[in-house]
Novice: 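Dropping the structure in here first, questions after.
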Amino acid sequence: MLQPNPTHHDEQEHLPSLLAEDANELAHQLQQHQKKIFPPTALKSIRSFSPAEAASFIGIGEGYLRQVASDGHGPEPMSNGRRLYTADDMRRIRDVLDERNGAAKYNPIRRPGEKLQVVSVMNFKGGSGKTTTSAHLAQFLALRGYRVLALDLDPQASLSALFGHQPELDVGEGETLYGAIRYDSPRPISEIVRATYTPNLHIIPGNLELMEFEHETPKAMMSGTAASMFFARIGEVLTDIESFYDIVVIDCPPQLGFLTMSALCAATSCLITVHPQMLDVMSMSQFLSMTSELMSVVEQAGGRTSYDWMRYLVTRFEPNDGPQSQMTGFMRAIFGNRMLQNPMLKSTAVSDAGVTKQTLYEVERSQFTRGTYDRAMESLNLVNAEIEGLLRSTWGRK
């Protein structure tokens, strides 16, 4: 017969203390690792682009780009005669082309009467590719010439880290969106916006401080002291800076809290990422049901609940995986044209780039097997171009 261990009680572990110790040590080691791979003195940068890539971003043929560059409007050729184009080179070429045409054809910024587009990217299941989608979409649109604001509403702040703003090191108190939407002494949102290394792309970073909004909102609702309802706060602060931007991309938290509901009420369109596996789709079914119920409550309180468009994006898709293809077909049969035509393929190129906190628009093609990189980039550009098409159609453009 087993005897009880007399020291068992003494060996019990105090979970809060253990978690605190592990959190501190992990944060310290991550900071050391971060300093090694990305020293504080270093600056992230966006790479230069090949003539084919640059022509595609500008919206012209490669032959025409060569002609414009040889007329003295592009970068100087390298020793091998080849030209590589920076984001600034592409912006200057757009200006030259519009000047030649006497019309704003190549600079895609908003025109009078066109409203700010706010895209909320959401799903409350981790691993759905939400942050990766947000980062690549924001960067793609900036490279296409739009003025873009990336808004990191996720307390985990992976989007901020991808764009070179470490939540533990670089983002202080009141420097997330919470600083602008908090109930006591909010800051002007213009003080919180930061530039990134990608021209045309700004960011409002995130960190754990964003959780304060989840804690403070119930208190403000109970006391009735809030100047405006929680769901209106993000939309209200965005109006202060909307003239500076064409598109805002919001990376929502992976849960249905007050931040997500406020982001949905600020949005003009909604993109829901979904990994095509049974558990994820079942989870999304619950998510959609809960979102619908919560938004009905918000609607009764006066929140905005109508959108220019809402789409589902299949992410991390493996075309040779039978069950995934079946699940994608199943969703297409249910959702029809509310699903984007193009899925985002699962790719080691995307995940490998993420290890060094980079996007595919930053890493060099030479770092990967050519076919792997090209397939991932083609998939990414097809998805982003399809979303760009939806945004342009909202403005009434072709």
Novice: Look only at the side chain of T131 and the backbone of S158, and say whether a donor-acceptor pair between them is shorter than 3.5 Å.
Specialist: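 Looks like no, no N/O pair under 3.5 Å.
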Novice: Show every ring pair (Phe, Tyr, Trp, His ring centres under 6.0 Å) that has at least one partner inside residues 308-330, sequence neighbours left out.
Specialist: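 Ring pair (Phe, Tyr, Trp, His ring centres under 6.0 Å) check on residues 308-330 returns Y312-F335.
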Novice: Please list all pairs passing the side chain to side chain donor-acceptor pair (under 3.5 Å) test where one or both residues lie in residues 65-80, with sequence neighbours left out.
Specialist: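 Passing the test, one end in residues 65-80: D71-R100.
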Novice: Should D152 and S160 be marked as a side-chain hydrogen bond (donor to acceptor under 3.5 Å, both in side chains) after you check the CA-CA gap, both sets of side-chain angles, and the distance that decides it?
Specialist: CA-CA 6 Å; D152 194 350; S160 305; 2.7 Å; yes
Novice: Answer whether the closest heavy-atom distance between the side chains of L137 and I387 falls below 4.5 Å.
Specialist: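 Counting from C-beta outward, L137 and I387 do come under 4.5 Å.
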Novice: Is there a path from V171 to L201 through hydrophobic residues (I, L, V, M, F, W, Y) whose side chains come within less than 4.5 Å of each other?
Specialist: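 No; tracing contacts between hydrophobic side chains, which count when under 4.5 Å, never links both residues.
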Novice: Measure from the side-chain N and O atoms of D246 to the backbone N and O of I109, and report whether any donor-acceptor pair falls under 3.5 Å.
Specialist: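 Here the side-chain-to-backbone pair does not exist.
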Novice: Can any side-chain N or O of R233 pair as donor or acceptor with the backbone N or O of I181 at less than 3.5 Å?
Specialist: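 Checked: pair present.
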Novice: Using side chain to side chain donor-acceptor pair (under 3.5 Å) as the criterion, point out the one residue from D88, D89, D95 that pairs with R92.
Specialist: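 Among D88, D89, D95, the one meeting side chain to side chain donor-acceptor pair (under 3.5 Å) with R92 is D89.
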Novice: Are the aromatic ring centres of F49 and Y85 under 6.0 angstrom apart?
Specialist: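 They do not qualify: ring centres at least 6.0 Å apart.
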Novice: For D251, is there an ion pair with K130 - N to carboxylate O distance below 4.0 angstrom?
Specialist: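 Judged by the 4.0 Å cut-off on N to carboxylate O distance, K130 and D251 do form a salt bridge.
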Novice: Quick check for you: to the nearest 0.5 Å, what is the distance between F230 atom CZ and S262 atom OG?
Specialist: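 So the gap between those two atoms works out to 7.5 Å.
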Novice: Determine, step by step, whether E362 and T359 satisfy the side-chain hydrogen bond (donor to acceptor under 3.5 Å, both in side chains) criterion, reporting the C-alpha distance in whole Å, the side-chain angles of both residues, the deciding distance to 0.1 Å, and the verdict.
Specialist: CA-CA 5 Å; E362 294 166 30; T359 69; 3.3 Å; yes
Novice: Looking at every non-hydrogen atom in both residues, tell me the closest pair between I189 and L238 and how far apart they are.
Specialist: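 It is CD1-CD2, 4.2 Å.
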Novice: Applying the 4.5 Å side-chain criterion to the ILVMFWY set and letting contacts propagate, would L84 and L143 be lumped into a single cluster?
Specialist: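 L84 does not cluster with L143.
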Novice: Evaluate the criterion salt bridge (charged side-chain N to carboxylate O under 4.0 Å, His left out) for residue pair R311 and E386; output intermediate values, then yes/no.
Specialist: CA-CA 11 Å; R311 293 290 186 278; E386 190 175 349; 5.9 Å; no
Novice: Is a side-chain donor or acceptor of T217 paired with a backbone partner of E214 at a separation under 3.5 angstrom?
Specialist: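 Not at all, since once roles are kept as given, no pair shorter than 3.5 Å links the two residues.
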Novice: List the steps and the verdict of salt bridge (charged side-chain N to carboxylate O under 4.0 Å, His left out) for K115 and E242.
Specialist: CA-CA 9 Å; K115 69 180 179 184; E242 70 174 310; over 6 Å; no
Novice: Could you give me the CA-CA distance, side-chain angles and deciding distance for L391 and V119, then say whether side chain to side chain contact (heavy atoms under 4.5 Å, CB included) is met?
Specialist: CA-CA 9 Å; L391 294 167; V119 184; 3.8 Å; yes
Novice: If you compare all heavy atoms of Y307 against all heavy atoms of L264, which two are closest, and at what distance to 0.1 Å?
Specialist: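 Smallest heavy-atom distance, with atoms named: OH-O, 2.6 Å.
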Novice: State whether R194 and E175 are salt-bridged, where the test is any N-O pair (Lys NZ or Arg NE/NH1/NH2 against Asp/Glu carboxylate O) under 4.0 Å.
Specialist: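 Yes.
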Novice: Is the shortest side-chain heavy-atom distance between T239 and L116 below 4.5 Å?
Specialist: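 A side-chain contact under 4.5 Å is absent here.
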Novice: Is there a donor-acceptor pair under 3.5 Å between the side chain of T176 and the backbone N or O of N207?
Specialist: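 No, because the side chain of T176 does not come within donor-acceptor range (under 3.5 Å) of the backbone of N207.
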Novice: Could you check whether any side-chain N or O of E378 sits under 3.5 Å from a backbone N or O of R375, counting only pairs where one atom can act as donor and the other as acceptor?
Specialist: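 A pair under 3.5 Å: no.
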Novice: Would R392 and Y146 count as having a side-chain donor-acceptor pair, cut-off 3.5 Å?
Specialist: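 Yes, side-chain donor-acceptor contact under 3.5 Å.
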Novice: Could you tell me whether the side chain of F258 reaches within less than 4.5 Å of the side chain of E216, counting heavy atoms only?
Specialist: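 Side chain of E216 against side chain of F258, heavy atoms only: no contact under 4.5 Å found.
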Novice: Ignoring hydrogens and geometry, is there a side-chain-to-backbone donor-acceptor pair from N200 to R147 under 3.5 Å?
Specialist: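 Pair absent, no side-chain N/O of N200 close to backbone of R147.
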Novice: Do the side chain of Q324 and the main chain of E318 share a donor and acceptor less than 3.5 angstrom apart?
Specialist: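 Checking the backbone N and O of E318 against the side chain of Q324, a donor-acceptor pair under 3.5 Å is found.
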Novice: When you look at CD of E388, are more than 12 heavy atoms from neighbouring residues, nucleotides or ligands closer to it than 6.0 Å?
Specialist: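 Yes, because the 6.0 Å sphere around CD of E388 holds more than 12 heavy atoms from other groups.
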Novice: Among residues at least two apart in sequence or on other chains, which ones pass side-chain hydrogen bond (donor to acceptor under 3.5 Å, both in side chains) with H136?
Specialist: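 For H136 there are no side-chain hydrogen bond (donor to acceptor under 3.5 Å, both in side chains) partners, ignoring immediate neighbours.
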Novice: Under 4.5 Å between any side-chain heavy atoms of L380 and L382, yes or no?
Specialist: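 Sidechains of L382 and L380: no contact.
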Novice: In terms of hydrophobic clustering (I, L, V, M, F, W, Y; side-chain heavy atoms under 4.5 Å; direct or indirect links), are I204 and L259 co-clustered?
Specialist: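 Same cluster: I204 reaches L259 through Ile, Leu, Val, Met, Phe, Trp or Tyr contacts under 4.5 Å.
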Novice: Does some side-chain heavy atom of V314 sit less than 4.5 Å from a side-chain heavy atom of L340?
Specialist: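 Sidechains of V314 and L340: no contact.
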Novice: What are the two closest heavy atoms between A55 and L65, and how far apart are they?
Specialist: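 For A55 and L65, the tightest heavy-atom pair comes out as N-CD2, 3.7 Å.
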Novice: For the residue pair F213 and Y183, is the inter-centroid distance of their aromatic rings smaller than 6.0 Å?
Specialist: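 Centroid distance F213-Y183: below 6.0 Å, so yes.
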Novice: Is E53 paired with R47 through a side-chain N to carboxylate O contact shorter than 4.0 Å?
Specialist: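 Between E53 and R47 there is a salt bridge, with a charged N closer than 4.0 Å to a carboxylate O.
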Novice: Apply the test side chain to side chain contact (heavy atoms under 4.5 Å, CB included) to residues L177 and I192: give CA-CA distance (whole Å), side-chain angles for both, the deciding distance (0.1 Å), then the verdict.
Specialist: CA-CA 7 Å; L177 188 74; I192 298 169; 5.9 Å; no
Novice: Looking only at non-hydrogen atoms, find the nearest pair between P108 and R144 and report the distance.
Specialist: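 It is CG-O, 3.4 Å.
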Novice: May I have the step-by-step check of side-chain hydrogen bond (donor to acceptor under 3.5 Å, both in side chains) for Y245 and Q117, ending in yes or no?
Specialist: CA-CA 9 Å; Y245 300 103; Q117 297 288 296; over 6 Å; no
Novice: Can you tell whether the side chains of K346 and D321 come within less than 4.0 Å, N to carboxylate O?
Specialist: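 So K346 does not pair with D321 through a salt bridge.
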Novice: Determine yes or no for a side-chain-to-main-chain donor-acceptor pair under 3.5 angstrom, with N123 supplying the side chain and I272 the backbone.
Specialist: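 No.
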Novice: Would one find more than 12 heavy atoms of other residues, nucleotides or ligands at under 6.0 Å from atom CD of E99?
Specialist: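 No, because the 6.0 Å sphere around CD of E99 holds 12 heavy atoms or fewer from other groups.
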Novice: Within the distance-only criterion (no hydrogens, no angle test), does the side chain of W395 pair as donor or acceptor with the backbone N or O of R110 below 3.5 angstrom?
Specialist: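 Such a contact is absent between W395 side chain and R110 backbone.
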